[in-house]
Every structure is written in C-alpha cells, then in structure tokens.
Amino acid sequence: MTDGNFLEGCTVAFEVSDSEHTLRVAASRLEVRPHDELFEIEIDGTHKIVSISRISPQHLSIILDGKSYNVEVERFKEKYQVVTRGEVYEFSVTDEREVVTTAKAQASGRLIVTAPMPGLVVDLMCKAGEQVEADTGVLVLEAMKMQNEIKAPVSGVISEIPVETGASVNSGDCLFVIES
C-alpha cells in the first residue's frame, strides 16, 4: 500500500487549518498489515489509534473509535477537500517543520529546504542561481507512488540544489537552499 519505510520509527507533525481553527496533528505508523495500516495519531494532545485502507488514490476507508468512515480526499493546490458522510470539509496542511524553518529563514535570510519524507527526485523545475517567488515549484519528489511538488517557502534566490533528477533522498536530506 505504501513504501515500507514511510513513517517507520518516526513521528510526522502537521498544522491543519480551516477558516476558523488550527490543530496540531502528529502521526506515527504502528503497523503495516495486508490491507491497511495502523497509526497512532495525536490531535492537540489527544491520542487515537486509526486504521487506514487506501481504496483508490482519493478514496480511503478509515476506522476511528470503532466507527468506519469512507473518505474522499482531493487536493487543490494548497487546500484539501475531504468528503465523508455527506459533509464537505476544506482545510490546509502545513508540515510543522515548514513553520519552524520559514520563521528561521525570515530571521537569517537563508533557508535549507529538506525532504519531508523518503523519495525519489523525478524533476528539477529550477536551477541554482534562479530567482523564485514564494510557492514556486522547485522540484518534484515521488514518495508512496505520489508525486509531490516541493515549493519555495519564501521568495529569494535558489543558491544550491545538491540533488539531481533520479536521486534517492531520505527524510531530512537537503533538497535546496534559498537565500531571501
């Protein structure tokens, strides 16, 4: 279902926001089973165990607190739309490391953008020395059979891209450096 190393032995944290609230969500994979994966999640300090099965790229079957949810997820640029039980929810997701590193970059003027998960660099959309605006796609990282566009979190000059197309990267590896 997913890459066997994804979330193995680590916790990934995100900020999930709708128009009114922001929640901190952390997830750790506990077990990979033949048809689903078991995760421990923490939402603003509350711990839950969740079973997730991927039915199709956008369709998930989730069991939480003994209740089953059929969930459809679609991504529209920086926003996600989730439909379950006839209700539609829209929110944005920010990797917690992005929040911290963006703040550091604004203070220092230099930001090292790292891989959010293990994957394969499949496309370089910029090159060293190129001026970019915030949210400009810099490279594409393939992970869990999905392609993820890694964007510049701030405007500036790409001073370094130590990876090349076809390179395998681990979570936390430097993808590019941007000077603002």
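All residue numbers in this chain count up from 1 along the given sequence.
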### Query
Can we say E90 and K79 salt-bridge, meaning some charged N sits less than 4.0 Å from an Asp/Glu carboxylate O?
no
Tightest non-hydrogen contact, residues G45 and E42, listed as CA-OE2, 3.4 Å
Output for pair (S92 OG, E15 CD), nearest 0.5 Å, gives 9.0 Å
Between the CD1 atom in I49 and the CD1 atom in I63, the distance rounded to the nearest 0.5 Å is 13.0 Å
Rounded to the nearest 0.5 Å, the CD atom of E142 sits from the CG atom of D123 at a distance of 11.5 Å
TODO: List the steps, then state whether side-chain contact (heavy atoms from CB on, under 4.5 Å) holds for K48 with D65.
DONE: CA-CA 8 Å; K48 302 278 184 178; D65 292 335; 3.0 Å; yes
Item to complete: Look only at the side chain of S53 and the backbone of H35, and say whether a donor-acceptor pair between them is shorter than 3.5 Å.
Response: yes
d(F91 CZ, Q81 CD) to nearest 0.5 Å is 10.0 Å
Tell me whether I55 is reachable from V32 by hopping between hydrophobic residues (I, L, V, M, F, W, Y) whose side-chain heavy atoms are closer than 4.5 Å. no
ask   = In terms of hydrophobic clustering (I, L, V, M, F, W, Y; side-chain heavy atoms under 4.5 Å; direct or indirect links), are V157 and I178 co-clustered?
value = no
Does the side chain of Y89 reach to within under 4.5 Å of the side chain of T84, using non-hydrogen atoms? yes
Determine yes or no for a side-chain-to-main-chain donor-acceptor pair under 3.5 angstrom, with D36 supplying the side chain and I52 the backbone.
-> no
Distance col, row C126:SG vs I150:CD1, nearest 0.5 angstrom, shows 12.5 Å
In terms of heavy-atom contacts, A152 and E133 come closest through CB-O, 3.9 Å
Quiz item: Do V140 and V163 belong together in a cluster built from hydrophobic side chains that touch within less than 4.5 Å?
Solution: no
Heavy-atom closest pair (R33 atom, S51 atom, distance to 0.1 Å) is NH2-OG, 3.5 Å
For L120 and G166 the tightest heavy-atom approach is CD1-O, 3.2 Å
Here the gap from R85 atom CZ to S68 atom OG, rounded to the nearest 0.5 Å, amounts to 7.5 Å
Closest non-hydrogen contact found for A134 with P153 is CB-O, 3.9 Å
Are L23 and I41 grouped together when hydrophobic residues (ILVMFWY) are joined by side-chain heavy atoms under 4.5 angstrom apart?
yes
If we only count heavy atoms from C-beta on, is the L139 to M125 side-chain gap below 4.5 Å? no
Can you confirm whether V113 sits close enough to V138 that some side-chain heavy atom of one is under 4.5 Å from a side-chain heavy atom of the other? no
Under 4.5 Å between side-chain heavy atoms, counting indirect links through other Ile/Leu/Val/Met/Phe/Trp/Tyr residues: same cluster for I62 and M146 or not? no
Nearest heavy-atom contact between L124 and E164 is CD1-CA, 3.9 Å
State, with a plain yes or no, whether a side-chain heavy atom of E160 is found less than 4.5 Å away from one of R110. yes
